[in-house]
Amino acid sequence: MKGEPYLFLPGPTPVPERVARAMNRPMINHRGEEFKAILEDVVAGIKQIYRTSANLLIYPASGTGGLEAAVVNFISPGDKVLAVSIGIFGDRFASIAEAFGAEVEKIDFPWGTGADSQRIRERLEQDKDHRIKAVLITQNETSTGAYNDVKTIREAMGDHPALLMVDAVSGLAAIDLRMDEWRLDVVISGSQKAFMIPPGLSFMAFSDKAFQVYQKNTNTKYYWDLAEGLKYLRQGQTPFTPPISLYYGLREALQIMAEEGLENVIARHTAYRDMVRASLRAMGLRLLTEDRYASSAVTSVIAPPEIGANPIRKYMLDQFNIILAGGQQKLDNVIFRIGHLGYIRELDLLAVLAALEITLDHFDFSLDMGAGLKIAQKAILNMHKQ
Ligand SMILES: *Cc1c(COP(=O)(O)O)cnc(C)c1O
């Protein structure tokens, strides 16, 4: 029996039944009282996850739309921008800035690692006349499963006035992030990762300092212009028709997260990461990232080269209806990725790990069947003792 797919992508992630049901309601007037209450509710809820009291706008867009909104509102053509990249999403943020006229200087770190804050510190110290207007960084690099220590990177910027703009699309609510405490200027996130709702919403919070930069901004914008968003938000509306169903889902998802408690949500993701990594290692598999960079949202597994990552994914899909992510660009067929963010339960992870052992055995990879599963079972037992 095939049944529903087991979705282990680092986005889109599974949608809880409660959220799916909440979304299945009639449309309402997006300029009426009911929508106003929903909008106020979800903005407040998202701010709790951001740990911020800054302004926050919701855009009807995938995460990339949120990144573009950040670029066109806070970066002007000709601005020098330091783009820190540890993978494909870091590259994307840099490309968007470039597309809108920024003079982009990129610092690349090897795929599978996090950025070295010392190098960012040194580069900014050299920038005596403060030509660099913004530093772009990815909180969680979904393409590799490495994350950046955003707090330390912010500290490394010292007194440099550049804005720190963070792509937290796949990291927020899976990995600790404290916008106000860490003094982050612009933080972008999205709906289809740890927020447990379908793709289509992105979130952008910005500090007062960022707002001052916005007021002098000369970039071309219309749909993304934050002044419009703020003006309408004050009346409990959005400038353009919002995807109302997604707002229903968002409100329910925020409620689910509030019931669990943000600390517990983050701790759960961390525990899943450790469990998955220990289990994979017990199977004799290698991981792309070292422990110190390892993401709580997604784990990249180096496939045994004699098998290749894509045949493993294909077998898992055909035999078990398990959907794993592949490697992108130079990592295609080299790694496969197991997403463990959002609405993933302990036993879902047992399912994917058990199926992986069966798959490896099918491909005659030498392993002690059950060794990985046993580690995972013990990890779950430990979680329940706490
Ligand atoms: C998913 C993701 C995005 C946004 O991608 P979309 O396909 O536009 O939603 C941006 N950054 C990171 C790190 C992501 O994981």
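Order of appearance sets the numbers: ligands from 1, and atoms from 1 within every ligand.
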For ligand 1, output the ligand-protein N/O contacts shorter than 3.5 angstrom; if there are none, return none.
{"unit_1": "ligand 1", "atom_1": "5 (O)", "unit_2": "R92", "atom_2": "NH1", "d": "3.4"}
{"unit_1": "ligand 1", "atom_1": "8 (O)", "unit_2": "S62", "atom_2": "OG", "d": "2.5"}
{"unit_1": "ligand 1", "atom_1": "8 (O)", "unit_2": "G63", "atom_2": "N", "d": "3.3"}
{"unit_1": "ligand 1", "atom_1": "8 (O)", "unit_2": "T64", "atom_2": "N", "d": "2.8"}
{"unit_1": "ligand 1", "atom_1": "8 (O)", "unit_2": "T64", "atom_2": "OG1", "d": "2.4"}
{"unit_1": "ligand 1", "atom_1": "9 (O)", "unit_2": "G63", "atom_2": "N", "d": "2.9"}
{"unit_1": "ligand 1", "atom_1": "9 (O)", "unit_2": "Q192", "atom_2": "NE2", "d": "2.7"}
{"unit_1": "ligand 1", "atom_1": "11 (N)", "unit_2": "D167", "atom_2": "OD1", "d": "3.2"}
{"unit_1": "ligand 1", "atom_1": "11 (N)", "unit_2": "D167", "atom_2": "OD2", "d": "2.6"}
{"unit_1": "ligand 1", "atom_1": "15 (O)", "unit_2": "T142", "atom_2": "OG1", "d": "2.3"}
{"unit_1": "ligand 1", "atom_1": "15 (O)", "unit_2": "S170", "atom_2": "OG", "d": "3.4"}
{"unit_1": "ligand 1", "atom_1": "15 (O)", "unit_2": "K193", "atom_2": "NZ", "d": "2.7"}

Problem set entry | ring-ring contact (aromatic ring centres under 6.0 Å, His included): pairs with one or both residues in residues 102-130, sequence neighbours excluded |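 Output for this query lists H130-H160.
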For this session: Any ring-ring contact (aromatic ring centres under 6.0 Å, His included) involving residues 197-223? Give me the pairs, sequence neighbours left out, ordered by first then second residue.
Result: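 Sorted result for residues 197-223: F74-F206, F195-F203, F211-Y214, Y223-F240.
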Problem set entry | Set of side chain to side chain donor-acceptor pair (under 3.5 Å) partners for Q377, sequence neighbours left out |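 Once residues adjacent in sequence are excluded, Q377 has no partner under the side chain to side chain donor-acceptor pair (under 3.5 Å) criterion.
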Problem set entry | Face-on cation placement of R313 at F336 ring, 6.0 Å and 45° thresholds |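 The answer is no, since R313 fails at least one limit relative to F336.
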Problem set entry | E346/R268 salt bridge by N-O under 4.0 Å criterion |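 No, this pair does not count.
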Problem set entry | Y6 ring center near F320 ring center (under 6.0 Å) |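 Ring-ring flag for Y6/F320: false, centres at least 6.0 Å apart.
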